[in-house]
Engineer: 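Got a structure for you, written out below as structure tokens; questions coming shortly.
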Amino acid sequence: MRTSETDARRILGVRKGKGLIDPDPRTLMGVLVAVSVTAFMGKSIESELLLVLMVSVLQALCGHVRMAVGFAVLYAALWAVLNVVLPGVGGVAATMFTISLTFARKIYLCLMVGTLLVRDNTVHRIASALAKLRVPQAVLIPLTVTMRYFPTLRDEAAHIRDAMALRDIPAASRVECFAVPLVMSATSTAEELSRAATCRGIENPSPSTDTERLSMRASDWALLAVSAAAVTAVALWGGAV
């Protein structure tokens, strides 16, 4: 009986969360929009640290404690390199690294929330959330195909690397032996995805049914309210001095 219930929940798209909260994909998309807005605002280091801490707490509450700790440690290392290591090095190379790492620090919050969104939701779940947000099919279909395309391409690249490891390939030929099969595989994968989409009725103008059961709960609305409050606070009082 328990197995049948589990299978039914899986078929209906009901996902059992691993953490204290299980945000709807639309909620995480709203948080991603909020942190993207703050990325283009001038922020003091205190405000930025507080935002990183808040997103880390969100990751931990969603059941990804290791992810939260990893991002926190990586941000600390990034801050140390920018403020301790590179100022002491100097030179053109240090300036180039400073520009690149500063940009990485600007979009760090987007990376944190984006990783949580992708880790917690399948492509189907994200597509269902976008459909509920009334995203046009002209945008939704290419985006969905793209999200399904790159993981397939990544797996194919891993298979090519494994095949190369079994053969004694000279170093001068490794780039060619990797790139040519990857390009051929990318072409065939794109054709297969196109045929699969056609077989599933992607050209049918009538709305299709969906097994995903998405619902906004009180925790989702609270999380969106906190995100909006954080954006307002950064805009009014979190500017760099």
Engineer: Out of curiosity, Arg161 CZ to Glu156 CD, how far, rounded to the nearest 0.5 Å?
Structural biologist: 11.0 Å
Engineer: Would you say the side chain of Met216 lies within less than 4.5 Å of the side chain of Leu224, judging by non-hydrogen atoms?
Structural biologist: yes
Engineer: A side-chain contact here means heavy atoms from C-beta on lying under 4.5 Å apart; do Val35 and Thr38 qualify?
Structural biologist: yes
Engineer: Are Leu133 and Val118 connected, step by step, through hydrophobic side chains (Ile, Leu, Val, Met, Phe, Trp, Tyr) whose heavy atoms are closer than 4.5 Å?
Structural biologist: no
Engineer: Taking Ile107 as the starting point, is it possible to reach Leu78 by hopping between hydrophobic residues whose side chains are less than 4.5 Å apart?
Structural biologist: no
Engineer: Can Leu153 and Leu182 be said to form a side-chain contact (heavy atoms from CB on, under 4.5 Å), step by step?
Structural biologist: CA-CA 8 Å; Leu153 194 63; Leu182 186 62; 3.8 Å; yes
Engineer: Looking at every non-hydrogen atom in both residues, tell me the closest pair between Thr115 and Leu111 and how far apart they are.
Structural biologist: OG1-O, 2.7 Å
Engineer: Check for me, please, whether Met67 and Val73 land in the same ILVMFWY cluster - side-chain distances under 4.5 Å, paths through other members count.
Structural biologist: no
Engineer: If we only count heavy atoms from C-beta on, is the Arg217 to Ile21 side-chain gap below 4.5 Å?
Structural biologist: no
Engineer: Counting only heavy atoms not in Met184 (residues, nucleotides, ligands), do more than 12 fall under 6.0 Å from its CE?
Structural biologist: no
Engineer: Output the distance between atom NE2 (His159) and atom CZ (Arg154), rounded to the nearest 0.5 Å.
Structural biologist: 10.5 Å
Engineer: So, taking the atom named CD1 in Ile160 and the one named CG in Asp155, what distance separates them when rounded to the nearest 0.5 Å?
Structural biologist: 11.0 Å
Engineer: Less than 4.5 Å apart, side chain to side chain, heavy atoms only: is that true for Val31 and Val226?
Structural biologist: no
Engineer: Under the ring-ring contact (aromatic ring centres under 6.0 Å, His included) test, which residues partner Tyr108, sequence neighbours left out?
Structural biologist: Phe71, Tyr75
Engineer: Just jot down the salt bridge (charged side-chain N to carboxylate O under 4.0 Å, His left out) partners of Glu48, sequence neighbours excluded, or say none.
Structural biologist: Arg105
Engineer: Can you list the steps and then say if Arg125 with Asp120 is a side-chain contact (heavy atoms from CB on, under 4.5 Å)?
Structural biologist: CA-CA 10 Å; Arg125 190 172 171 87; Asp120 253 4; over 6 Å; no
Engineer: Evaluate Leu58 against Met112 for side-chain contact (heavy atoms from CB on, under 4.5 Å), listing each step before the verdict.
Structural biologist: CA-CA 10 Å; Leu58 174 60; Met112 294 179 70; over 6 Å; no
Engineer: Tell me if a side-chain donor or acceptor on Ser100 pairs with a main-chain N or O of Phe97 at a distance below 3.5 Å.
Structural biologist: no
Engineer: Less than 4.5 Å apart, side chain to side chain, heavy atoms only: is that true for Asp220 and Arg26?
Structural biologist: no
Engineer: Apply the side-chain contact (heavy atoms from CB on, under 4.5 Å) test between Leu49 and each candidate in Ile45, Leu51, Val52; give the one that qualifies.
Structural biologist: Ile45
